[in-house]
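Read the structure below first, then the notes.
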Amino acid sequence: MVKKSQTKKLMFSKTAMMLLFVLLTSATAWAEKGDVVATGTCGDNLTWTLTENGEADFTYNSRTYTPLTLTITGTGAMTDYAASGDTPWWSNSNAITHLELPEGLTHVGNRAFFLNSFIQSVTLPVSVTSIGESAFVSVGSHTSKGCTFTAAKGSKLTSIATDAFRSFSGNVDLRNCTSLTTIGEKVFEEYRKNTVYLPISIRTIKKDAFYSGIISYKPTVRVSYKNSVLYVNGAFKAFSTKAMNTVITSFLNLKKKSSDAVSICQIFPDEIKLAFDESDHSFVIANEQDFTNMRGYYSQSINTYQSCEGIKFKMINDLDLSNISFSPIGILHSFVGHFDGQGHTISGLYFADSSNYYGLFGCVDGANTIIENVTLINPVFKHSSYNRSTFAGGIVGEFYKGTIRNCNVVGGSLSNVGRAGGIVGYACGNGTKSIINCTVVGTTINGELSGCVVGYIGSEASTTISNCLYDVDSNEKICSSRFTNGGGNTPLYRLNLGSGVTSDALTYGNYNVATQRSIIKLEANNRDGYEFGGFNSDDVTIENGQFTMPDKSVSVTAKWEAKNEISLKASMIDGLCWSTFYCGDAGYRIADGEEACAYTATVSDDKIILHMLGRVIPKGTAVIIVGEDNSISMTRDDASAAEYSAVNDLKGVDLPTARTSLTSNDSYRLYMLSNKNNNFGFHSFAAANVPARKAFFTVPASANARSFSMVFDEEATAIRQLRKTVAESPVYDLNGRVVRGNNLKPGVYIKGGKKVVIK
């Protein structure tokens, strides 16, 4: 029998054993995590704990250390410590070999891990947005391989303070920090060795970011990029569609007590929407849509826009922007980079609103910026209502720094602005500006302050104009204010040439120009249906087809005589030969023996009414000719047609003429005789030029007629019905007029090419 006291002892023993078991079990679990050495707080919501991590003890400076892990838990910002010895784990700094930072940490405090030189690795949580001053000084410097510092994927880090990684040893991998744009001064001061990986977002490394102090340290610095063109300090560096880490160490020029500043730019072809030519490192503008994409790239918001002086654009074709809603490149942001037109033209530029800068480029900046080798044809830039604080230039509206060379502006106008110039509207700022080998011809320049090449140069601006040609008919001054004359600037005078006359003078668009005292050689080109009779001019004396250009504009015409005998080519349609004809200088008679007849025409609704004219065609009268043969001979006969006039809606041209000059800026549609889809008649004509000696008519574009059927004297007329009209050989009087009716008065008439006497 067990006594009561014994029972109590037994129960105590069992309880003690159970408690010992629990304690032993807990101790075993705790031992796996390491013994807690110390703990405390390091921020309003942050706790730190030092635990033994089970690694082998090590000796440093004759002292043995048990390796520790520093674990920080909680959320928010760490405390900024004024001195290295202020950190609560300072007394154990040399023993810390591992550091664990929590997700939710937002700021790594100043001097937080100063001289924690045995830490082997650090993973920066996604939540950290800033690293404080001297936070990781000398971390990894006493480990055999250095410390591996890695920012977690999706990192929100935006700033790193001075000396944050001073004397750090190992690799710092910031490639996941895609919100980080700047590496400040001395962030990596005396960085010991290995590699710094910078993210794709880095744009600036400030001077002395890798300051080396007494000893010159040369870590490898790499920039991450993918599917982009990489520029460093304004120069092309690399292009790749794969993820790459390009070395940029040489640009830093690492040396004792200094490192150079570096600017980094990455351009993404998918963003700019242009093809990239790796052979010359340029983005290609092949058509009007490419130009629109380029302009759109420089119109992005400030958050996505990238400015890069190394970026290069090149044109590979002429562009017509008539059907594009244009606005200048670089209004929201200044254009920096290199634009090469490669000798091509841009036409159809039109911009009229209330912006401040007008031109192909609105505002241009950048010491290395170049705009070259492009010609603008008839650009129109104007403020919607006059504003003296606006600037218009054919090439650039407002010019701060850079070079413009080999650019031409031909025709067009710059108006309703404060400062206007053919090439540059307003040159301002203290940066160096050069305008070289540029030409302005035929441009109307109308500003409060204007010049043919540059409108106005600010008092602080350093602007040189060299070897430029300027049309004195556009503006009498090269610039309205001060500029540095680099020499070679020369006025141009216009050479106004009559029809059929060409010369060896400089040609820009439709303008012929020459410098004073240049020798101009003239040539009379073949003019269909005319014979050349010499040159005429009231301004100069022409000998042997040449003259010396004076200091004024010159007009030259040619003496042309209409040929006495011409042969008109016609096109056969269903057995009859049709053509149109016009001569503004002489009348003609269809040759005797030709089975042909001339008609005038009037337009009504969707039909054209043919009126029989006969065999005589007065000068300046456009006609339709119908005959039996595809070659219709005609003889000059001014006398017979001298008194003849005809009702006629047909018009005509003596020389090949641009369609657009005949149709009132496309508000009228032009129609010419043709056969389209087996439908013979007058059809809308869209080619560039109307051939010489052809007739046409125009109607308002709003009429929307596609073609006009032909009606003979108010009766629908088929092609075969016209054959009968020709074959019947109408009767003419001796003046070539058709005599209608059967009862002819006594006299002499012509029928079938023979005289008929009526008594």
Side-chain angles (χ1 to χ4, degrees), residues 288 318 320-323 347-348 377-378 499-500 509-510 525-529 566-574 576-585 588 596 598-611 613 617 619-627 630-632 646-712 716-719 722:
E288 288 74 13
D318 294 344
D320 182 356
L321 305 182
S322 301
N323 297 319
S347 59
I377 304 296
N378 296 323
S499 57
N510 295 324
N525 292 339
N526 180 45
R527 186 178 174 190
D528 184 35
I566 61 173
S567 181
L568 185 70
K569 299 298 181 181
S571 298
M572 180 171 287
I573 301 294
D574 199 17
L576 285 175
C577 293
W578 294 73
S579 184
T580 60
F581 176 75
Y582 175 82
C583 179
D585 296 332
Y588 282 90
Y599 297 84
T600 58
T602 53
V603 178
S604 176
D605 298 325
D606 60 349
K607 60 186 177 183
I608 179 168
I609 303 167
L610 279 64
H611 307 284
L613 179 63
I617 305 167
K619 69 177 180 179
T621 302
V623 295
I624 300 167
I625 297 179
V626 186
N630 64 358
S631 179
I632 301 170
V647 176
N648 198 8
D649 287 337
L650 287 174
K651 301 178 176 63
V653 289
D654 272 324
L655 297 170
T657 307
R659 173 185 55 82
T660 53
S661 68
L662 301 172
T663 53
S664 303
N665 294 324
D666 290 335
S667 61
Y668 280 74
R669 191 169 289 165
L670 185 148
Y671 293 81
M672 292 192 70
L673 189 66
S674 59
N675 189 25
K676 289 187 178 181
N677 301 322
N678 295 320
N679 180 15
F680 183 70
F682 278 80
H683 298 277
S684 180
F685 182 78
N689 294 310
V690 175
R693 287 183 170 254
K694 291 296 183 181
F696 63 91
F697 71 91
T698 60
V699 296
S702 58
N704 292 323
R706 292 186 177 180
S707 60
F708 287 77
S709 62
M710 289 182 291
V711 174
F712 177 74
T717 304
I719 299 298
L722 288 176

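What you see below is based on every heavy atom in this structure, not just the backbone, and it leaves out hydrogens, waters and symmetry mates. In this chain, numbering begins with 1 at the start of the sequence shown.
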> Under the 3.5 angstrom rule, does the side chain of R693 hit a backbone N or O of D528 as a donor-acceptor pair?
Replying inline: yes
>> Donor-acceptor check, side chain of T621 to backbone of I617, threshold 3.5 angstrom: yes or no?
In response: no
What pair of heavy atoms forms the shortest contact from [X] to [Y], and how long is it?
{"X": "L655", "Y": "S499", "result": "CD1-CB, 2.7 Å"}
{"X": "R659", "Y": "A687", "result": "NE-O, 3.0 Å"}
{"X": "A695", "Y": "M672", "result": "O-CE, 3.9 Å"}
{"X": "A692", "Y": "D654", "result": "CB-O, 3.1 Å"}
{"X": "K676", "Y": "S684", "result": "NZ-O, 2.9 Å"}
{"X": "V653", "Y": "P691", "result": "CG2-O, 3.3 Å"}

>> Before you tell me yes or no, could you show the steps for S579 and K694 under side-chain contact (heavy atoms from CB on, under 4.5 Å), namely the whole-Å CA-CA distance, both residues' side-chain angles and the distance that decides it to 0.1 Å?
In response: CA-CA 8 Å; S579 184; K694 291 296 183 181; 3.5 Å; yes
Can you confirm whether [X] sits close enough to [Y] that some side-chain heavy atom of one is under 4.5 Å from a side-chain heavy atom of the other?
{"X": "I625", "Y": "I632", "value": "yes"}
{"X": "S631", "Y": "K569", "value": "yes"}
{"X": "W578", "Y": "V626", "value": "yes"}

Spatial distance of atom [atom1] ([X]) from atom [atom2] ([Y]) [nearest 0.5 Å]:
{"X": "N648", "Y": "I624", "atom1": "CG", "atom2": "CD1", "result": "8.5 Å"}
{"X": "L610", "Y": "T600", "atom1": "CG", "atom2": "OG1", "result": "8.0 Å"}
{"X": "C577", "Y": "L568", "atom1": "SG", "atom2": "CG", "result": "10.5 Å"}
{"X": "N323", "Y": "L321", "atom1": "CG", "atom2": "CG", "result": "9.5 Å"}
{"X": "F682", "Y": "S674", "atom1": "CZ", "atom2": "OG", "result": "8.5 Å"}
{"X": "I608", "Y": "L673", "atom1": "CD1", "atom2": "CG", "result": "8.5 Å"}

>> What I want to check is whether the side chains of T663 and T698 have a donor and an acceptor closer together than 3.5 Å.
In response: no
> Can K619 and D585 be said to form a side-chain contact (heavy atoms from CB on, under 4.5 Å), step by step?
Replying inline: CA-CA 6 Å; K619 69 177 180 179; D585 296 332; over 6 Å; no
> Do other residues, nucleotides or ligands put more than 12 heavy atoms under 6.0 Å from the CG atom of N675?
Replying inline: yes
>> Assess the residue pair F696 and F685 against the criterion (ring-ring contact (aromatic ring centres under 6.0 Å, His included)); give the C-alpha distance rounded to whole Å, side-chain angles, the decisive distance to 0.1 Å, and a yes or no.
In response: CA-CA 9 Å; F696 63 91; F685 182 78; 8.8 Å; no
> Under 30°, 30 to 60°, or over 60°: which ring-plane class applies to F581 and Y588, parallel, tilted or perpendicular?
Replying inline: perpendicular
